[in-house]
Trainee: 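Take this structure first; my questions come after.
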Amino acid sequence: MNRLNALFLSLCLTLGSTGCTQDTHREFKRTILKFGTLIDITLYDVEPALAERALDQLETNFNQYHADWTSWQDSPLMRANEKLALGEPVKVDASIAQLIQRSQVLSQNSHGLFNPSINQLISLWQMHRSDETNIQPPEPQVIQDWLKTKPNMNDLKLDGLTVRSRNPAAQLNFGAFAKGYAIDLSFDYLRILGIHNAVINAGGDLSVRGRHGDRPWKIGIRHPREENTIAWLEAQDGESIVTSGDYERFYIYKGRRYHHILDPRTGYPAEDSTSVTVIHHNAGTADAAATALFVAGPKQWQEIAKSMGIEYVMLIDDKNNIYMSRKMAERVHFSEDQTGHILVSESL
Ligand code: ADP
Ligand code: MG
């Protein structure tokens, strides 16, 4: 988050509001608290009335996405999961059908490392309670039993808006994809309104469309183990820059750290990576890919990036090695106190 953004955000928070609009040189801003993060929306070169209408609608939409797509509290998605668990066909609304369809392709291209059908496993790890003190990891036997159920997005078949499952263990959780997908939907909506210059910054995931004043949009990549930024990048028109990190959500149990990005092959939090940053023109794809490449880790990231069509990757591992694709290496600026060993890919 750049300083101007941080300043504006603190102003909004001081005023005690989650929604806040500003009119400076036809620049309009709103901050929404959804998907467990602050979502900053900035529109440029828009008439005030249109900007207000667009921001209101985007806020309504984000509230709706959040209400419809959460898997850990009563929602249409949770009710769909209950039916899938009983082996019954379930009629979903169009937005959930779209989420399924898009993520089936992404899951397949990620060789199952991005797997939104692992909601049961995610529930076992109870990451939505990570702030509580009495939380502990599931027993190894419970994980072993879950592994035998092998849920996969291909277990689900969509027929119009009806979902049928051949595996009752396949239940949906779009935590790794919904935020990016919601950003894509927001830009689609803005385009329909004739708004072509906008930035959406959701918890460090930055998406840019069109022109945005004179200043370039810089995004800092957080050091996974320190409070400062390790590097920064300039976002260009049409890009989404998305980071998945193990510091976002975790708990410590008996001195060990358990984080929220799970390896569907082992049933445990993915090992070796601490942070992955991806750039892609589609925010949903970038979101799914950042998660998949985190799981892929230092040994497999190049293979998975290629099969997902991702050219810009930076992966930091738990030994502070920094792996990058060649294209990413041309874009990243490291801070002066960065001490990690940098390895630029020869094949990507
Ligand atoms: P963040 O939400 O912090 O940006 P991610 O996009 O990587 O991070 O999403 C992590 C969330 O996605 C987890 O909290 C969990 O709900 C879900 N998840 C965890 N592991 C996977 C996985 N391998 N595939 C799909 N979803 C996952
Ligand atoms: Mg993700």
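The figures here come from the full heavy-atom set of this structure, side chains too, leaving out hydrogens, waters and symmetry mates. The shown structure was predicted, so the numbers you read here are calculated from the model rather than taken from an experiment. Atoms within each ligand, like the ligands themselves, are counted from 1 in listed order.
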Trainee: What's the shortest distance from atom 20 (N) of ligand 1 to any protein heavy atom, and which residue and atom give it?
Mentor: L262 N, 3.0 Å
Trainee: Does at least one non-hydrogen atom of H128 fall below 4.0 angstrom from an atom of ligand 1?
Mentor: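 It does not, in that no heavy atom of H128 comes within the 4.0 Å cut-off of ligand 1.
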Trainee: Looking at D287, which atoms of ligand 1 are within less than 4.0 Å of one of its heavy atoms?
Mentor: 6 (O)
Trainee: State the atoms of ligand 1, each with its element, that fall below the 4.0 Å cut-off from a heavy-atom position in E248.
Mentor: 3 (O)
Trainee: Can you label the angle between the Y44 ring and the W217 ring as parallel, tilted or perpendicular, going by 30° and 60°?
Mentor: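 Taking W217 first and then Y44, their aromatic rings stand perpendicular (interplane angle over 60°).
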Trainee: Less than 4.0 angstrom from a charged side-chain N to a carboxylate O is my criterion; do R79 and D74 meet it?
Mentor: yes
Trainee: Of E59, Q57, Q64, which meets side chain to side chain donor-acceptor pair (under 3.5 Å) against N61?
Mentor: Q57
Trainee: Salt-bridge test for R26 and E47: reply yes if a basic N is under 4.0 Å from a carboxylate O, no otherwise.
Mentor: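 Yes.
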Trainee: Looking at R191 and D188, does any basic side-chain N land under 4.0 Å from a carboxylate oxygen?
Mentor: yes
Trainee: Rounded at 0.5 Å granularity, tell me how far OH in Y65 sits from OG in S186.
Mentor: 5.0 Å
Trainee: Answer yes or no: is there an ion pair linking R225 with D318, defined by an N-O contact shorter than 4.0 Å?
Mentor: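 Judged by the 4.0 Å cut-off on N to carboxylate O distance, R225 and D318 do not form a salt bridge.
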Trainee: Should you measure from each heavy atom of N173, which atoms of ligand 1 turn up under 4.0 Å away?
Mentor: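 Per the distance check, 16 (O).
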Trainee: The test is side-chain hydrogen bond (donor to acceptor under 3.5 Å, both in side chains); show your working for S347 and K306 and say whether it passes.
Mentor: CA-CA 10 Å; S347 68; K306 280 180 204 160; 3.3 Å; yes
Trainee: Under 2.8 Å from the Mg ion (ligand 2), which protein atoms of type N, O or S occur, listed by chain and number?
Mentor: A176 O, D287 O, D287 OD1, T291 OG1
Trainee: Got a second to check how far M328's CE is from L348's CG, nearest 0.5 Å?
Mentor: 10.5 Å
Trainee: Closest non-hydrogen protein atom to atom 2 (O) of ligand 1, residue and atom name please, with distance?
Mentor: G175 O, 3.7 Å
Trainee: Examine N115 against ligand 1 and note whether any of their N/O atoms are separated by less than 3.5 Å.
Mentor: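 Checking ligand 1 against N115, an N or O pair does fall under 3.5 Å apart.
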Trainee: Below 4.0 angstrom from a heavy atom of K179, which ligand 1 atoms are there? Numbered from 1 as shown, please.
Mentor: 4 (O)
Trainee: Which of the listed options, H260, R249, M153, holds the heavy atom that is closest to atom 1 (P) of ligand 1?
Mentor: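 Looking at heavy atoms only, H260 sits closest to atom 1 (P) of ligand 1.
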Trainee: For the residue pair R331 and Y312, would you count it as a cation-pi contact if the rule is NZ or CZ under 6.0 angstrom from the ring centre and within 45 degrees of the ring axis?
Mentor: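 The answer is yes; both the distance and angle limits are met.
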Trainee: Which residue owns the protein heavy atom closest to atom 21 (C) of ligand 1, what's the atom, and how far is it?
Mentor: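 Sorting protein heavy atoms by distance from atom 21 (C) of ligand 1 puts I118 CD1, 3.8 Å first.
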Trainee: Report yes if some heavy atom in the side chain of T42 is under 4.5 Å from a heavy atom in the side chain of F28; otherwise report no.
Mentor: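 When only atoms from C-beta onward are counted, F28 and T42 do not touch, as no gap falls below 4.5 Å.
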Trainee: Look up atom OG in S273 and atom CG in D317, then write down how far apart they are to the nearest 0.5 Å.
Mentor: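 Answer for the OG-CG pair, S273 versus D317, is 7.5 Å.
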Trainee: Return yes or no for this condition: an N or O of F114 is under 3.5 Å from an N or O of ligand 1.
Mentor: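 In fact, backbone or side chain, F114 has no N or O that close.
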Trainee: Between R209 and D237, does any side-chain N to carboxylate O distance fall below 4.0 Å?
Mentor: no
Trainee: Among all protein non-hydrogen atoms, which one is nearest to atom 9 (O) of ligand 1, and what is the separation to 0.1 Å?
Mentor: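 The closest heavy atom on the protein side is A176 CA, 3.2 Å.
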Trainee: Does the N or O separation between P116 and ligand 1 drop below 3.5 Å for any pair?
Mentor: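 No, no N or O pair falls under 3.5 Å.
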Trainee: Is the terminal nitrogen or CZ of R102 (NZ for Lys, CZ for Arg) located under 6.0 angstrom from the six-membered ring centre of Y181 and within 45° of that ring's axis?
Mentor: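 The answer is no; the distance or angle limit is not met.
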Trainee: Below 4.0 angstrom from a heavy atom of I122, which ligand 1 atoms are there? Numbered from 1 as shown, please.
Mentor: 15 (C), 16 (O), 17 (C), 18 (N)
Trainee: Quick check: does D205 get an N/O under 3.5 Å from an N/O on ligand 1?
Mentor: no
Trainee: Which of the numbered atoms in ligand 1 are under 4.0 angstrom from any heavy atom belonging to S244?
Mentor: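 Going through ligand 1 atom by atom, the ones under 4.0 Å from S244 are 5 (P), 6 (O), 7 (O), 8 (O).
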Trainee: Find all atoms of ligand 1 within a distance of less than 4.0 Å from any non-hydrogen atom belonging to P264, and give their numbers and elements.
Mentor: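 Ligand 1 atoms under the 4.0 Å threshold to P264: 23 (N).
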Trainee: Using 0.5 Å steps for rounding, measure from the CG atom of L58 to the CG atom of L43.
Mentor: 7.0 Å
Trainee: Should you measure from each heavy atom of L113, which atoms of ligand 1 turn up under 4.0 Å away?
Mentor: 22 (C), 23 (N), 24 (N)
